[in-house]
2 protein chains.
Amino acid sequence: MASQAPAIPGFRPLYKQVKQLLLERLIGGFWKPGDLLPSEFQLAAELGVSQGTVRKALDEMTAENMLVRRQGRGTFVAEHDQEHALFHFFKMTDRQGQPLVPESRVLRRSLGTARKEEATRLQIEAEAAVIRITRIRSIAGKPVIFERLTLPHQIFPGLNDGRELPNTLYTLFARDYGITVGKAVEKLRAVPASAEVARHLDLERHHPLLEIDRVALALDGQPVEWRISLCHTEDTAYSVTLA
Amino acid sequence: MASQAPAIPGFRPLYKQVKQLLLERLIGGFWKPGDLLPSEFQLAAELGVSQGTVRKALDEMTAENMLVRRQGRGTFVAEHDQEHALFHFFKMTDRQGQPLVPESRVLRRSLGTARKEEATRLQIEAEAAVIRITRIRSIAGKPVIFERLTLPHQIFPGLNDGRELPNTLYTLFARDYGITVGKAVEKLRAVPASAEVARHLDLERHHPLLEIDRVALALDGQPVEWRISLCHTEDTAYSVTLA
DNA sequence: TAGTGGTCTAGACCACCAC
DNA sequence: TGGTGGTCTAGACCACTAA
């Protein structure tokens with residue numbers, strides 16, 4: 001009676017299959033950020049598994065920041081706005097470690113074809129259409145970050161029209177395109193300021209800048225953004241917690 | 001029958017209390033890195049809870065890299081040697097993201113009393129005894145990192161005697177002192193090379209360096225090390241994955 | 001008050017590993 | 001072969017939330 005009822009046939013553990021199925025619904029946009037999922041019992045009944053199995057899948061997805069559980073209310077699709085995005089992907093702080101929120105001003109925005117390195121980083125075809133954005137980010141009115149972004153046009157159609165760009169792009173990704181950034185891989189270096197960047201950040205040439213080279217990945221692992229941020233870290237720092 | 005038997009009285013969930021108890025045994029050195037824990041059934045019997053409750057505690061601790069489960073063999077105390085330490089705490093890579101292992105050469109090692117900032121960072125009393133280490137780390141024979149460390153003497157007695165220091169200090173912490181570094185908080189900046197550092201790294205003064213300011217925490221959250229690493233990132237980078 | 005997730009238990013079968 | 005962790009189920013009670 002308590003043995004496995006193979007309601008979903010296949011090799012992998014039942015709860016992994018449930019997780020995969022739920023993940024596909026998230027990626028496919030069937031459920032959007034902020035949506036309330038059916039209860040554990042409803043999902044269990046629909047999929048023909050026990051509540052505990054559904055729970056294990058939901059637990060894993062919660063641990064991976066894809067879902068948020070609220071006792072007494074239900075399980076929701078994570079909204080990568082404000083809080084989470086802020087603390088997980090925009091980690092600029094002051095020297096004491098207090099979080100800072102830089103404002104953004106777009107310098108350029110254009111549509112073009114992917115150069116070799118852009119295509120490699122974003123795992124798209126060479127010459128595929130891409131959107132490029134250059135912007136300056138300021139803290140307390142003082143420009144501190146010079147940033148270049150490349151986005152696959154296929155994933156973000158219409159982003160290159162006149163639309164206003166919000167301060168935190170990832171909220172726009174989630175709201176308008178149903179894309180949740182779940183992971184980012186970064187390479188950090190120290191580099192001297194070029195003439196152009198020095199001018200924009202009001203520095204001398206060769207001033208040391210923190211270069212953050214980031215590829216952001218959607219929940220399904222697909223690269224959705226490549227950005228290089230050049231940060232003036234005189235009064236700020238980039239904070240990371242390793243665990 | 002299936003209701004909670006309050007074998008361990010108290011407010012918090014049973015499995016959290018079990019976890020706390022197991023954690024104390026780890027911190028206290030009752031179990032050391034590499035040790036095999038009793039089976040889930042044995043622990044459950046000893047503590048008067050069900051196997052599932054013990055399992056939930058072990059699962060959480062496994063997720064936090066404190067334990068390692070091996071199917072068919074048992075549950076072991078994590079050894080933060082080589083692999084884990086390498087990938088979680090020494091993240092220097094080449095420009096392509098391939099991990100690099102820097103070698104170390106100690107320049108100075110001394111015993112002293114904590115300065116104000118050291119006491120603050122390590123959460124110890126001002127003027128408490130500390131061990132200071134300065135070392136150069138090289139990749140392929142080329143010096144690339146200048147590093148200053150401060151350690152609380154109380155936690156690492158005898159570390160300032162003539163003993164050889166291994167390449168990766170954290171393995172020494174674990175092996176000789178039973179201290180497992182479970183977490184690290186870092187602040188990253190770009191700074192110009194001082195005259196001294198420039199000389200050691202074979203650079204011009206003011207060359208941009210990546211400054212990594214790290215406080216390492218033991219499993220119980222106690223700070224056990226403060227280090228500032230100044231990295232020459234010409235052919236290397238510091239890689240981080242955010243999730 | 002009804003419904004949700006949170007916790008706890010109990011017992012079954014499986015896959016893996018050492019002997 | 002026996003023991004371990006891995007998975008799955010079933011059912012109970014609790015704490016929280018909303019109406």
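Each chain gets a letter, A, B and so on, in the order its sequence line appears, and its residues count up from 1. Please read these numbers as outputs of a predicted model, since none were measured by experiment.
For Gln42(A) and dT4(C), the CD to C1' distance is 10 Å, given to the nearest whole Å. Between Phe76(A) atom CZ and dG3(C) atom P there is a gap of 17 Å when expressed in whole angstrom units. Between Leu67(A) atom CG and dT4(C) atom C1' the separation is 15 Å, expressed in whole Å. Remark: P of dA10(C) and CD of Glu40(B) are 15 Å apart, rounded to the nearest angstrom. Taking atom CG on Leu36(B) and atom P on dT4(D), their separation rounds to 9 Å, with Å as the unit. Whole-Å rounding puts the Lys56(A) NZ to dT9(D) C1' distance at 13 Å. dT7(D) atom P lies 9 Å from atom CZ of Arg69(B), rounded to whole Å. Whole-Å rounding puts the Glu60(B) CD to dG6(C) C1' distance at 12 Å.
In this view, Arg121(A) and Glu117(A), Asp213(A) satisfy the salt bridge (charged side-chain N to carboxylate O under 4.0 Å, His left out) rule, not counting sequence neighbours. Looking at residues two or more places apart in sequence or on another chain, you find a side-chain contact (heavy atoms from CB on, under 4.5 Å) between Arg105(B) and Leu107(B), Ile136(B). A search for salt bridge (charged side-chain N to carboxylate O under 4.0 Å, His left out) contacts involving Asp59(B) returns Arg69(B), not counting sequence neighbours. Residues satisfying the salt bridge (charged side-chain N to carboxylate O under 4.0 Å, His left out) criterion with Lys19(A), sequence neighbours excluded, are Glu60(A), Glu64(A). Residues passing the salt bridge (charged side-chain N to carboxylate O under 4.0 Å, His left out) test with Asp176(B), sequence neighbours excluded: Arg163(B). Scanning for side-chain contact (heavy atoms from CB on, under 4.5 Å) contacts around Ala218(A) gives Ile179(A), Asp220(A), Val224(A), with sequence neighbours left out.
Neither OP1 nor OP2 of dA10(C) sits under 4.0 Å from any side-chain N or O of Ser50(B). Taking only side-chain nitrogens and oxygens, Ser39(B) never comes nearer than 4.0 Å to OP1 or OP2 of dG3(D). Checking the phosphate oxygens (OP1, OP2) of dG5(C), no side-chain nitrogen or oxygen of Arg55(A) falls inside 4.0 Å.
Annotation: cation-pi geometry satisfied between Lys56(B) and Tyr15(B) (NZ/CZ under 6.0 angstrom from ring centroid, within 45° of ring axis).
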Between protein and nucleic acid, restricted to nucleotides 17-19 of chain D and to nitrogen or oxygen atoms under 3.5 Å apart, what atom pairs and distances do you find?
unit_1	atom_1	unit_2	atom_2	d
dA18(D)	OP1	Arg73(A)	NE	3.4

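Contacts of Tyr15(A) with the nucleic acid, taken as non-hydrogen atoms under 4.0 Å apart, involve only primed sugar atoms and P, OP1 or OP2.
Annotation: of the two residues near DNA chain D, Phe41(B) and Gln51(A), the 5′-most nearest-nucleotide partner is Phe41(B).
A donor-acceptor pair shorter than 3.5 Å cannot be found between the side chains of Gln98(B) and Thr93(B).
Stems are defined here as 3 or more consecutive Watson-Crick or G-U wobble pairs with pairing distances under 3.5 Å; those involving DNA chain C are C:1-18 with D:1-18.
For residues 22-33 of chain A, the set of pairs meeting the side chain to side chain donor-acceptor pair (under 3.5 Å) definition, not counting sequence neighbours, comprises Gln20(A)-Glu24(A), Arg25(A)-Glu46(A).
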